[in-house]
Amino acid sequence: MKKYTYVPGSFIAAWLIWELIVRLGGFNEALFPTPYKVLLGFGELIGDGVLFKDIADSLVRFFIGYIISVVAGVFFGLILGWYKGIWNYINPIVQVIRPISPVAWLPFIVLFFGIGQAPAIVIIFIAAFFPVLLSTVSAIQNIDPVYIKVARNFGIRQPELLFKIVLPAVFPGIASGLHIALGTAWIFLVTGEMVGSQTGLGFLIIDMRNNLRNDLLMVAILTIGFVGLLLDWGVSLIEKWIYKRWGIEK
Amino acid sequence: MKKYTYVPGSFIAAWLIWELIVRLGGFNEALFPTPYKVLLGFGELIGDGVLFKDIADSLVRFFIGYIISVVAGVFFGLILGWYKGIWNYINPIVQVIRPISPVAWLPFIVLFFGIGQAPAIVIIFIAAFFPVLLSTVSAIQNIDPVYIKVARNFGIRQPELLFKIVLPAVFPGIASGLHIALGTAWIFLVTGEMVGSQTGLGFLIIDMRNNLRNDLLMVAILTIGFVGLLLDWGVSLIEKWIYKRWGIEK
Amino acid sequence: MGYISVRNAHKEFMKDGEPLTILEDINLDIEKGEFICLLGPSGSGKSTLLNAIAGFELVTSGSITIDGEEVKAPQLRYVTVFQNYGLLPWRTVESNIELGLESKKVPKEERPAIIDKYVKMVGLDHARNRYPAELSGGMQQRVSIARALAVDPDIIFMDEPLGALDALTRINLQDEISRICREEGKTVVFVTHDIEEAVVLADRVVVLAANPGCVQTIIPVNIIDRTDRTSPNFVNIRNHIFEQFQLAKEDKIEFYI
Amino acid sequence: MGYISVRNAHKEFMKDGEPLTILEDINLDIEKGEFICLLGPSGSGKSTLLNAIAGFELVTSGSITIDGEEVKAPQLRYVTVFQNYGLLPWRTVESNIELGLESKKVPKEERPAIIDKYVKMVGLDHARNRYPAELSGGMQQRVSIARALAVDPDIIFMDEPLGALDALTRINLQDEISRICREEGKTVVFVTHDIEEAVVLADRVVVLAANPGCVQTIIPVNIIDRTDRTSPNFVNIRNHIFEQFQLAKEDKIEFYI
Amino acid sequence: IAYGYHEHHKPKTAQELKTVRVAYLPITHALPVFATKELETADGPVHVELVKYGSWPELMDALNTGKVDAASVLVELGVKAREQGIDVRAAALGHTEGNIIIVNKDINSVQDLKGKSFAIPHKQSTQKVLVDCMLEQAGLSEKDVQIVEMSPPEMPSALSVGQIAGYSVAEPFGSLALEMGNGKVFEDPDHLWHDNICCALVFNGQFVDEHHDLAKAFTKAYLDAGKYLDEHPEAQKEISLKYMKFKDPVIERSLQVIGFRDLALTEDRYNALVHHMTHIDLIKKVPSYSEFVDTSLLP
Ligand SMILES: Nc1ncnc2c1ncn2[C@@H]1O[C@H](COP(=O)(O)OP(=O)(O)OP(=O)(O)O)[C@@H](O)[C@H]1O
Ligand SMILES: Nc1ncnc2c1ncn2[C@@H]1O[C@H](COP(=O)(O)OP(=O)(O)OP(=O)(O)O)[C@@H](O)[C@H]1O
Ligand SMILES: [Mg+2]
Ligand SMILES: [Mg+2]
């Protein structure tokens, strides 16, 4: 019921405002496209298959980078969260590196990982790695002590302690980290693909800018928004399910 | 006590690893600088005043963009959070726009806001606006109903309701939004300044890249990390104070 | 007709798209200055009834009047004390107590004396400048009571105000509430699911049964020394209510669990 | 020397850099099959003492032995039931109960029968495949008790297991715990701050005083029908403990609030 | 927006009235712009305000939207904008020659590039045209060699670690690699496309319409500066060092392969350009010479 009126209502309103800006602004159409031209642009890019190919390329790259960072982030997060002594020495470095935009590393990324798929994947990896790492570490460090007590009481030792107790206990914390990481990584996908990639939505943006096709540029931008939204929905469904099962109120 | 050993220990370890990579990797020094050269680079950029000037420029820009986004985000967040009917229509648009990298908008930003300081500020604004907006909306919507009940009981009406009850009640929620937004905005500062800005740390990165001074590039990168860390410390102090006063466990 | 008068009150909530009757045909008269406890198992609609009388959520049908006037919204003359205290964490103890005085437009210069009186009455003189987060649960609830008393209301509603406290703190606060409310001559409607608490506090205990919520019985409590929980009179009334309660328990056992 | 024997137990915690004595010179003997309640105001060290006996946190000095053996770590033979139930939310009721059986290396094929027995004992047959989040607090605590019983421990430790439940659910669970533990012949150490609860459950009530925690008195409870909370015998013992408790209360009033 | 509005309505000083905002990238190709600035006098007819950019797309955003008045930009980008209906007009070239094709030392013929990656800075560029010509002359096409777009500063390092087999780029990024000891000069661009043109002085059309005299004056100053550069080779290096932070030998080497003698964007040159651009599908609709080149700006 809700979505049947809100979403279309919302998009119609956005459309109208956009039209208004175009009409009142008196911009050159080549510089600021009308919604209608963008709709045609969608048709054009879908028609020649470019859009879906780029979406597919981006998604593949995205998932490779994201999954590597999830695996690495959770793995190191578990270790570092558990051995607080090590974490205390790693933490300052992480805190210094974290505020740095992944794109800033580009020259070094090219040096170490070459061109082609790699830079975009590495940038997505960097973007997603820290949220995953930090949320895993904090999930471990804030694990409800009662679980550990139960484990001790029932004689559960490593490695069972890890798989039976710790991992499931930190799951919700990690899940919310994964959610944040997904958002961040998707935002940086564009930047990643804008540099040194020859396909994908980010490249589409660059390509359309290079071809001065601002209508298709807008198509690329909106596509990124929609796909990002779908991804976000996907994770939040998973997250909600976990939260419900674990009995966490949110 | 803690920091006296952790932080230096951490940095010494990082230094050693870096040295090791340089030695074992056998990279051209011009492409991958040694820590020593970067240290000299710090000296060089501090010596000719470039570094502090760029830091200052970046910070000014950063705070302008950030503060505008905080003001706008909190303002609209309060309105939209309170009038759920409107928010339901705005939300879909926000969700589509949010996953889009602020840099993607650049051609349009230049069209609307011109060149010079503006693009970087606008990019920071976009980066920070959504976290602030969303956390304010959610803070308002999740306001503890007991506060509203107390207000009704004690006959507190608008505008007092806003200033005496709602604003203070959502303060911690907003504060954590501001914290997240600060991080995001700082990361995007680099990207913002890398395009269409003539000074600042992001520009320093581009400039050093264009001049192939990878040692100074590393100086710029690390400076961004350190300044970002300091900013983060600043907000978390404020946030912690608020949390303590409001009695929120974290 | 009593000071507070509930007549044929019904309340329905929508649950999964279907109306669910929570309160059925409640009739209740409360006199001025009476201390009434609403006692009942979880889900019997105690809070719902209290909220209806206090004006937070109106009944679906039937009428509730206070002093002859239909209840339509909460008022400063009838103040509620909530289970989780409802203190504003950004205000000190004093300033929380001041809250009602501000709306009541009590002149600024008169406020300190009023605040002082109630801060002392609940024994928090030493903590007047602290923030709620720095207080124990018991102390917070005292602040909440002081805040309610400060506006000099005609009626005080309390919804399980002691539910979150440990047994000994509860005992202390029960005695205090009983003393203060009687000294000040307030009309009190107090929700609890603890039998002993009801006996200590109430002039009359209204026992609600659940599913849907209805008045099972009303038991008057005539005790002289309310602080003595071991007197035969006390124990007798407690036992009587206990039996009433067991009745409610027997036939609906799954429900309470 | 008893089955469980606490001798001159001291416990200190560091607080703001200074050692603070929490338990002072505790001596206590518990026989096999006894149901002991530790009763005391908040902060009197009940949990600390229980944790020490259960092996979670050892005492600073003095000795605690069970069956002649020094307590050094928690063991599967002595199981603890926690206030917040300590259920694993990612496991169903059945699978939570199975937890201890896994460590105990009970063969897979024998487990269903054991689980079945205890699931039925706590009356949760209909909810065996549900997850903890889908259960009420009372049901969760039952699962926790079933999980403890399933490993057939010699001793069960319980730390305010009913503290978070409402009065009626508490009453039901008290009766159940009393019945089950006696039927199974378990030795039980049960922490509570509720006097009535202690009387219903205990063979002996150990009253702790606070600041620092020490044994104030030990009161034996000889009641035949423990489910009847209105019998004169019950009321007498309750009153007696109440007086002991008041004593503790009188002299340290600020502390409990 | 308020900020922009304010800017527009402030009364202008005399200096502001004769200011031309010129966008550039810090490359050797923009040398005439630097020289114009250097030769500017306080009482001259124009005041140049230089705006530095990090990449072509950003520079084009500013030029297309009129946020800068003119730019030294790849001529192909100008033509492309014109094709899209954006009013930009060229006045003169920025240089002649000045492009360089670099390959790794183990590449000896175009055939050796087969299956490898080859970098260009931008799709709409002379470098791209040159590479396509080179492949075509060797009987290859883009299917055989992977053409990648890469920002010039990354090219030398990508080449040195073997991620690309070669690149075609504006100076001084070719000389840089040579100076670092990586790679070698490959084809001579002039053999691929005789008298090729690359960067040009392009105005925003609205600016030309509104301030025709100023645009014209600037064009004259620009052409004069070109002539000055041509006549004073020693000044080339001096000015370069001032505007670009490369090391001496890099600049020196890069100045050897660039000329500033004849900066006219003639119809012949233009026709050759659009011929190449259509041939490799960079444009579909060809703007006429008179549409793109505003000869009224020439002295
Ligand atoms: N806003 C609501 N919407 C739907 N159902 C509600 C709502 N408020 C209460 N209920 C339902 O009404 C019933 C009675 O609730 P109420 O809170 O009045 O009970 P109570 O006697 O106060 O119980 P407790 O002792 O647990 O506080 C419950 O079954 C509850 O689920
Ligand atoms: N890990 C600890 N570190 C420092 N002090 C502690 C620690 N655990 C308990 N204490 C202190 O020891 C005292 C007794 O605590 P304990 O939890 O044993 O009391 P209790 O009788 O169980 O109280 P309650 O009824 O509130 O559960 C308290 O003052 C508490 O602050
Ligand atoms: Mg209630
Ligand atoms: Mg305890």
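Both backbone and side-chain heavy atoms feed into the values below; hydrogens, waters and symmetry mates do not. Numbers restart at 1 for each chain; the letters A, B, ... are given by sequence-line order, proteins then strands. Treat the numbers as computed from the prediction; the structure is a model and nothing was measured.
For chain A, the nearby part of B/Val190 is the side chain; its heavy atoms alone come within less than 4.5 Å. Contacts of A/Asp232 with chain B are made by side-chain atoms alone, with heavy-atom separations under 4.5 Å and no backbone atom involved.
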Would B/Tyr6 and A/Trp87 count as a side chain to side chain contact (heavy atoms under 4.5 Å, CB included) here? Give the steps. CA-CA 9 Å; B/Tyr6 293 153; A/Trp87 175 242; over 6 Å; no
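Taken from CG in B/Leu229 to CD1 in A/Ile100, the straight-line distance is 10.0 Å, to the nearest 0.5 Å. Going from atom CD1 of B/Ile97 over to atom CD1 of A/Ile224 covers 13.0 Å, rounded to the nearest 0.5 Å. Note that CG of A/Asn214 is 8.0 Å distant from CG of B/Leu111, once rounded to the nearest 0.5 Å. To the nearest 0.5 Å, the span separating CD1 on B/Ile187 from CZ on A/Phe130 amounts to 9.5 Å.
Pairs passing the side chain to side chain donor-acceptor pair (under 3.5 Å) check and including a residue from residues 92-109 of chain B, sequence neighbours excluded, read B/Asn91-B/Gln95, B/Gln95-B/Arg98.
Among the candidates B/Phe226, B/Trp186, B/Phe32, the residue making the largest number of heavy-atom pairs closer than 4.5 Å to chain A is B/Phe32. Ranked by heavy-atom pairs under 4.5 Å with chain B, the first of A/Pro92, A/Ala13, A/Gly9 is A/Pro92.
At a threshold of 4.5 Å between non-hydrogen side-chain atoms, the residues A/Phe108 and B/Leu217 count as touching. A 4.5 Å side-chain heavy-atom check between B/Phe112 and A/Ile21 finds at least one atom pair inside the cut-off.
Between A/Phe11 and B/Tyr89, the gap from one ring centroid to the other reaches at least 6.0 Å.
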